[in-house]
S.K.: 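Below is the structure I would like to discuss, written out as structure tokens.
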Amino acid sequence: MTPTIRIQSAPFDPGHEAALIEDGRRDIGAIVSFTGLCRDEDGTLAALELEHYPGMAEAEIARVAEEALARWPLSALTVIHRHGRILPGERIVLVITAARHRGDAFAAAEFLMDYLKTRAPFWKKEHRADGSVGDWVEAKAKDDAAAERWNK
Amino acid sequence: MTPTIRIQSAPFDPGHEAALIEDGRRDIGAIVSFTGLCRDEDGTLAALELEHYPGMAEAEIARVAEEALARWPLSALTVIHRHGRILPGERIVLVITAARHRGDAFAAAEFLMDYLKTRAPFWKKEHRADGSVGDWVEAKAKDDAAAERWNK
Amino acid sequence: MKALYFAWVRERIGRAEEELSPPPEVATVGELIAWLKSRDEAYALAFENAAVIRTAIDKAHVRHETPIAGAREIAFFPPMTGG
Amino acid sequence: MKALYFAWVRERIGRAEEELSPPPEVATVGELIAWLKSRDEAYALAFENAAVIRTAIDKAHVRHETPIAGAREIAFFPPMTGG
């Protein structure tokens, strides 16, 4: 099974991507779809600018996907990550896992997100609503800890 | 926040339901969508007949949803469960959780599925491809164990 | 009180619902099951392994030790297999 | 070898890529960082906290102890914040 991996500036449609996986199959019992969105609770963010390392982003996500396929019996796997300018409320990342059983689909999706957060070469810069260029988003220790738990 | 809960015989569209949750919001960082499908790997199943206890199905899912809302800070929550005749490859159940952070959305979705499996009053009967009426699907000890882990 | 039966409990008893008027000494869900079981072969078959039977009073799960006093609707069914 | 810089490493150095020809005694990624740091103030600022700098050789993550021999492309960047 070859995972679907795309790095793109264009928006994506999670429902469409899941339907592509389901289509015509009778062997999938569980589909888990994770969508990560650009959040701005206090109204100070104009946009996030997502920089990435072309070539390595695809390669690294492919390595993480292979790791997931080695750990869990998956029927299908899709990862889409946007780059460029992303507005509050817009989707940034999509992970879809399909499996016979729900436990495998859930575990693989969570693993993929934890690893993408800490290993995929993307960096977020904030553009503020007041027109100024804000800071680069700082990596969170919480994300490292989340990825670390899969090594136990 | 009032969860969306629907028990219906009609099909549902997971992408549409997630889009309804996302629409116009800037405070959601993570959406986890779980779809459970009717599986038939060996081609012997014509359909599943899903019997349910009207009234109690809605009430019990509402109780499980309230329990999830008490445990995790969720921005939105949708549960849809079909009843009646369901063909292989068709969707049976949908759980969508939205939260600021992905850990809460993942945990709540998995909790909801584990509890739905063991507490929601639905029963599956198999109709075989050879025209015969098959068995009632037996409850799995694995599902009880999965629900039990949330009590720790 | 109204009794409801689901899945193979319903099939074995041969009906989906009925009115029950148990004698006053039947105080708990478990005693109601024992009373039903003694009615005829169909009930005996439905409740032959009483320990696996799940029960709900007024649309909420209850245990076999739960008193039935005040119940308007009581349901009997196998372990759930939804989701 | 080709060097690539991303995010605030790129901003501090003031360019996204360049060709590097380190002297032969520069054997590891960490030594390459130390060599770059000594070039001028921009590099010194970019690599002031060398421990946080992540590195990749030919599009795969490597540690600061990794030898650079044979590397065609080496990239320097802050901890990732995608997803």
Side-chain angles (χ1 to χ4, degrees), chain A residues 7 34-39 48-64 66-67 79-84 86 91-95 109-126 133-144 146-147, chain D residues 1-20 28-30 32-33 36-37 41-83:
Chain A
I7 313 294
F34 175 88
T35 305
L37 299 136
C38 177
R39 197 156 51 85
L48 284 179
E49 180 77 28
L50 262 117
E51 182 171 335
H52 77 301
Y53 182 173
M56 180 170 169
E58 292 83 347
E60 190 60 29
I61 291 175
R63 283 188 283 265
V64 174
E66 286 306 317
E67 174 89 26
V79 179
I80 301 175
H81 204 304
R82 288 182 67 194
H83 61 83
I86 292 176
R91 300 171 189 137
I92 300 172
V93 63
L94 175 69
V95 164
E110 214 167 348
F111 168 88
L112 282 159
M113 277 310 303
D114 288 346
Y115 269 58
L116 286 186
K117 282 265 174 191
T118 55
R119 296 187 59 89
F122 290 84
W123 302 272
K124 292 190 183 108
K125 185 168 200 168
E126 296 175 339
V133 175
D135 293 325
W136 290 93
V137 173
E138 283 208 49
K140 296 190 189 78
K142 194 170 77 173
D143 286 328
D144 286 328
Chain D
M1 84 191 73
K2 186 175 167 189
L4 301 179
Y5 309 113
F6 292 99
W8 53 255
V9 175
R10 171 180 55 72
E11 287 181 339
R12 290 182 185 181
I13 291 175
R15 68 188 75 180
E17 59 177 86
E18 65 183 319
E19 276 296 315
L20 296 183
T28 67
V29 170
L32 185 60
I33 290 174
L36 285 166
K37 209 169 162 176
E41 277 179 22
Y43 290 95
L45 179 64
F47 295 113
E48 66 178 345
N49 187 359
V52 308
I53 301 295
R54 307 300 178 93
T55 53
I57 287 180
D58 298 333
K59 302 185 168 68
H61 290 292
V62 293
R63 302 166 68 87
H64 287 199
E65 304 79 53
T66 305
I68 59 172
R72 290 182 302 274
E73 182 174 295
I74 184 158
F76 301 90
F77 42 80
M80 286 72 77
T81 55

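All chains are named by letter (A, B, ...) in the order of the sequence lines, taking the proteins before the strands, and each is independently numbered beginning at 1. Keep in mind that what you see is a predicted model, and the values were worked out from it rather than measured.
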S.K.: Is it true that, when you exclude D:E41 itself, more than 12 heavy atoms of the residues, nucleotides or ligands shown sit nearer than 6.0 Å to its CD?
M.R.: no
S.K.: Distance from D:H61 atom NE2 to A:T118 atom OG1, nearest 0.5 Å?
M.R.: 8.0 Å
S.K.: Please flag which part of A:R63 lies under 4.5 Å from any non-hydrogen atom of chain D: side chain, backbone, both or neither.
M.R.: side chain
S.K.: Kindly give the heavy-atom pair with the smallest separation between D:T81 and A:V137, and that separation in Å.
M.R.: CG2-O, 3.2 Å
S.K.: Would you say D:E65 has more than 12 foreign heavy atoms packed within less than 6.0 Å of its CD?
M.R.: yes
S.K.: Check each atom of A:E49 against the heavy atoms of chain D and say whether the ones under 4.5 Å are side chain, backbone, both or neither.
M.R.: neither
S.K.: Aromatic rings A:W123 and D:F6: how do their planes relate, parallel, tilted or perpendicular, breaks at 30° and 60°?
M.R.: parallel
S.K.: Just how far is it from atom CZ of D:R54 to atom CZ of A:R119, taken to the nearest 0.5 Å?
M.R.: 9.5 Å
S.K.: Which atoms of A:H83 come close to chain D, meaning under 4.5 Å heavy atom to heavy atom: side chain ones, backbone ones, both, or neither?
M.R.: neither
S.K.: Check each atom of A:K125 against the heavy atoms of chain D and say whether the ones under 4.5 Å are side chain, backbone, both or neither.
M.R.: side chain
S.K.: Which atom names give the shortest non-hydrogen contact between A:Y53 and D:A56, and what distance separates them?
M.R.: CE1-CB, 4.3 Å
S.K.: Between A:A139 and D:M80, which heavy-atom pair has the shortest distance, and what is it?
M.R.: CB-O, 3.9 Å
S.K.: Go through the steps to decide whether D:F77 and A:E51 satisfy the test side-chain contact (heavy atoms from CB on, under 4.5 Å), and finish with yes or no.
M.R.: CA-CA 11 Å; D:F77 42 80; A:E51 182 171 335; over 6 Å; no
S.K.: Could you check whether any side-chain heavy atom of D:E73 comes within less than 4.5 Å of a side-chain heavy atom of A:M56, counting everything from C-beta outward?
M.R.: no
